[in-house]
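Down below is the structure, laid out as structure tokens.
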There are 2 protein chains.
Amino acid sequence: MSGLVDPVKIAEKLKDSLLKREVIILVGLFEVSYEGRASSILGLGERVLMIKSDHSIIIHRPTSYEPVNWQPPNSKIEVNIVDGRLTIIARRPKPSEILIVRFNEVYHYSSFKLRDEAEFYMYATEEDMKQAILMHPSLIEEGFKPVEDERKIHPSGFIDIFGVDASGRLVVVEIKRREASIEDIRQLVYYVDSIERELGSRPRAVIAAPSIQKSATRELTLHNVEYKCISPKKCLEILKKTKGLDRFTF
Amino acid sequence: MSGLVDPVKIAEKLKDSLLKREVIILVGLFEVSYEGRASSILGLGERVLMIKSDHSIIIHRPTSYEPVNWQPPNSKIEVNIVDGRLTIIARRPKPSEILIVRFNEVYHYSSFKLRDEAEFYMYATEEDMKQAILMHPSLIEEGFKPVEDERKIHPSGFIDIFGVDASGRLVVVEIKRREASIEDIRQLVYYVDSIERELGSRPRAVIAAPSIQKSATRELTLHNVEYKCISPKKCLEILKKTKGLDRFTF
DNA sequence: CCGTAAATTTCGCCA
DNA sequence: TGGCGAAGTTTACGG
């Protein structure tokens, strides 16, 4: 691939597009260095650089989901020609961090004034699971009654659902939309310990998730935690039935 | 903005570029739906869609660092014209998930065969901090001696550094490159509990991080955890001095 | 392939 | 603004 574009012209266009808060796409051969929360160096290679309207920057290699380098929104962006090379510097304060991009060649430049006011709707979240359980507490077990949704833990943290079982014993429910891990058990045990210190008696601990890791299962007995299998999709179906379909369809 | 490109022609180009494993950039007015681990709907808006060589897909709105929708690498991508609209469907098995993009207009299409073999070097990571401490254990405290780096915890989990203090007492060190949180304290306490169950005696617990959250500080006394202030940048400087600068410069 | 934890995690909510 | 936990987290590294 050969350099198709004059860096000086690109620099001019870039400055203009930045002022106009356009979304900018650059494809080329360049190197990157980052210094801030960490430090990184990326040698010469062909990749894509995008600058968004909020002056966030993402640099994508030809593969993988994640950007290799980036700068969060509201970075101060400088464009210069250094030794004949297009150079982009993005600075951010607090934490102080700087991203430097040095082009050897620019294969492509384009910029767009984009308008995107659409709402983004996400379903089958942990919050959806919580709502379904609050409306149908028997999803946890027969006789379960939520008493507070999201109790504050002293000194910090939140319990997903706090309730009592059929025999009147306190129950702490921790909800996970994905497979429960050992880390999740730790979180729940920490909550139950806090409650016990505060109230004097130890509540039951229930982790509600679509599945659980094998090693986490071993932790269950050790820490007296119960596992209840509930999936986010099932909860979403229940919400749809209860609240009506309209909120959930295109 | 008006639709500049014929969807049928775009579809042809797209299919060709996909076969060639090119990086594809599309800018246009489109809507997105996702169904898989969760469900999401994004209405009509102007945004950028990128398909990478590994057939991962990312969709970016005009603002924010993160993509609004995506599909991880190795998705099966179909391109069709449905009711005159360019439609891209990306499917993945395990977990079964599907992403559907329906264009109203395509403002821009380009594709590039990109070559990027460069190494990516990251510094001031948790691993760097660990190496610095192993080479200079007094960073933790005078008389500290690492005995095993990364002891296997029964039944699962890893300790960053395991050692003994000047008086011969066991010390478990948990390293964090960023501010230590209550979650990090939980992780460390879990390790120490495991060790205590295994060996019968309780080791000292030290969290080494550049700073610590206020609420986490309160947890320190409660769980007998000590905090040692160490920053990743400082550790990186030490590594540079000890191992030489060459590994760390451009 | 599963398990575990890091990450320049980012993001959103709530005090 | 800071603290806290979710996320379609993803990615990397063991066993």
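Sequence lines set the chain letters: A, B, ... in the order given, protein chains first and strands last, and positions in each chain run from 1.
Ion pair Asp116(B)/Arg61(A) flagged as a salt bridge, since at least one NZ, NE, NH1 or NH2 atom sits closer than 4.0 Å to an Asp/Glu carboxylate oxygen. Contact check on Arg37(B) versus Glu97(B) returns a salt bridge, with a Lys/Arg side-chain nitrogen under 4.0 Å from an Asp/Glu carboxylate oxygen. Salt bridge Arg91(B)/Glu78(B): present, at least one basic N to carboxylate O contact under 4.0 Å.
Atoms CG (Asp184(B)) and P (dA6(C)) sit 7 Å apart, rounded to a whole Å. Taking atom CD of residue Glu126(B) and atom P of nucleotide dA12(D), one finds them 16 Å apart after rounding to whole Å. The NE2 atom of His60(A) sits 14 Å away from the C1' atom of dT11(D) (whole-angstrom rounding). In this structure, CG of Asp128(A) is placed 15 Å from C1' of dG12(C), rounded to the nearest angstrom. The interatomic distance linking Ile161(A) (CD1) with dG5(D) (C1') rounds to 16 Å, in whole Å. Atom-to-atom, CG of Asn74(A) to P of dC11(C) comes out at 11 Å; the value is rounded to the nearest Å. Atom CZ in Phe158(A) sits about 11 Å away from atom P in dA6(D), given to the nearest Å. Across the protein-nucleic acid pair, Ile58(A) atom CD1 and dT10(D) atom C1' stand 15 Å apart, rounded to whole Å.
With Tyr190(B) as the aromatic partner, Arg186(A) meets the cation-pi criteria of under 6.0 angstrom to the ring centre and within 45 degrees of the ring axis.
Along DNA chain D, the nucleotide nearest to Pro73(B) and the one nearest to Ile175(A) differ in position, and the one closer to the 5' end is contacted by Ile175(A). The residue among Ser40(A) and Glu183(A) whose nearest nucleotide of DNA chain C is located toward the 5' end is Glu183(A). Nearest-nucleotide positions on DNA chain C for Glu179(A) and Phe120(B) put Glu179(A) closer to the 5' end.
Within 4.0 Å of Glu97(B), counting heavy atoms only, lies at least one base atom of the nucleic acid. Among the atoms of the strands shown, only primed sugar atoms or phosphate atoms (P, OP1, OP2) are found under 4.0 Å from some heavy atom of Glu174(B). Using a 4.0 Å heavy-atom cutoff across all strands shown, Arg186(A) reaches sugar-phosphate atoms only and no base atom. Using a 4.0 Å heavy-atom criterion, one finds that Pro72(B) contacts the bases of the nucleic acid, with or without backbone contacts as well.
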(message) Go through it in stages, so that I can follow the logic: the residues are Leu139(B) and Phe144(B), the test is side chain to side chain contact (heavy atoms under 4.5 Å, CB included), and I'd like the CA-CA distance, side-chain angles, deciding distance and then a yes or no.
(response) CA-CA 9 Å; Leu139(B) 281 166; Phe144(B) 175 68; over 6 Å; no

(request) Carefully, step by step, assess Gln71(B) and Lys76(B) under the rule side-chain hydrogen bond (donor to acceptor under 3.5 Å, both in side chains). (result) CA-CA 10 Å; Gln71(B) 200 65 296; Lys76(B) 303 282 165 245; over 6 Å; no

(message) side-chain hydrogen bond (donor to acceptor under 3.5 Å, both in side chains), that's the test. Do Gln131(A) and Glu127(A) meet it? Break it down for me.
(response) CA-CA 6 Å; Gln131(A) 292 308 320; Glu127(A) 181 60 27; 2.7 Å; yes

(request) Test Ser64(A) against Asp54(B) for side-chain hydrogen bond (donor to acceptor under 3.5 Å, both in side chains), laying out the working first. (result) CA-CA 7 Å; Ser64(A) 101; Asp54(B) 57 4; 5.6 Å; no

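Shown for residues 63-71 of chain B: residues whose heavy atoms fall under 4.0 angstrom of DNA chain C, namely Ser64(B), Tyr65(B), Glu66(B). Taking every heavy atom of residues 220-234 of chain B and every atom of DNA chain D, no pair lies under 4.0 Å.
The Ile182(B) side chain lies nearest to dG5(D) when the options are dG5(D), dA5(C), dA7(C). Of all nucleotides listed (dC4(D), dA5(C), dA6(D)), dA6(D) comes nearest to the side chain of Gln187(A). Side chain of Ser215(B), nearest nucleotide from dT10(C), dG3(D), dG8(D): dG3(D).
Neither OP1 nor OP2 of dC11(C) sits under 4.0 Å from any side-chain N or O of Arg61(B). A sub-4.0 Å separation between OP1 or OP2 of dA6(C) and a side-chain N or O of Thr125(B) is absent. Considering only side-chain N and O atoms, Gln213(A) lies nowhere under 4.0 angstrom from the phosphate OP1 or OP2 of dC2(C). For the OP1/OP2 pair of dA6(D) and a distance below 4.0 Å, the side-chain nitrogens and oxygens of Arg178(A) include no atom meeting the criterion. Between Lys214(B) and dG2(D), a side-chain N or O to OP1/OP2 separation shorter than 4.0 Å is absent.
A heavy-atom distance below 4.5 Å is found between the side chains of Met129(A) and Ile230(A). Residues Phe162(A) and Ile195(A) form a side-chain contact, since some pair of their non-hydrogen atoms from C-beta on lies under 4.5 Å apart.
Going from the P atom of dA7(C) to that of dA7(D) covers 22 Å, rounded to whole Å. For the P atoms, the distance from dT4(C) to dT8(C) is 23 Å, rounded to whole Å.
Centre separation under 5.5 Å together with a plane angle under 30° holds for the ring of Tyr34(B) and the six-membered base ring of dG8(D), marking them as stacked.
Pairs of residues two or more places apart, or lying in two chains, that qualify as side chain to side chain donor-acceptor pair (under 3.5 Å) and include a residue from residues 228-238 of chain A are Lys233(A)-Glu35(B).
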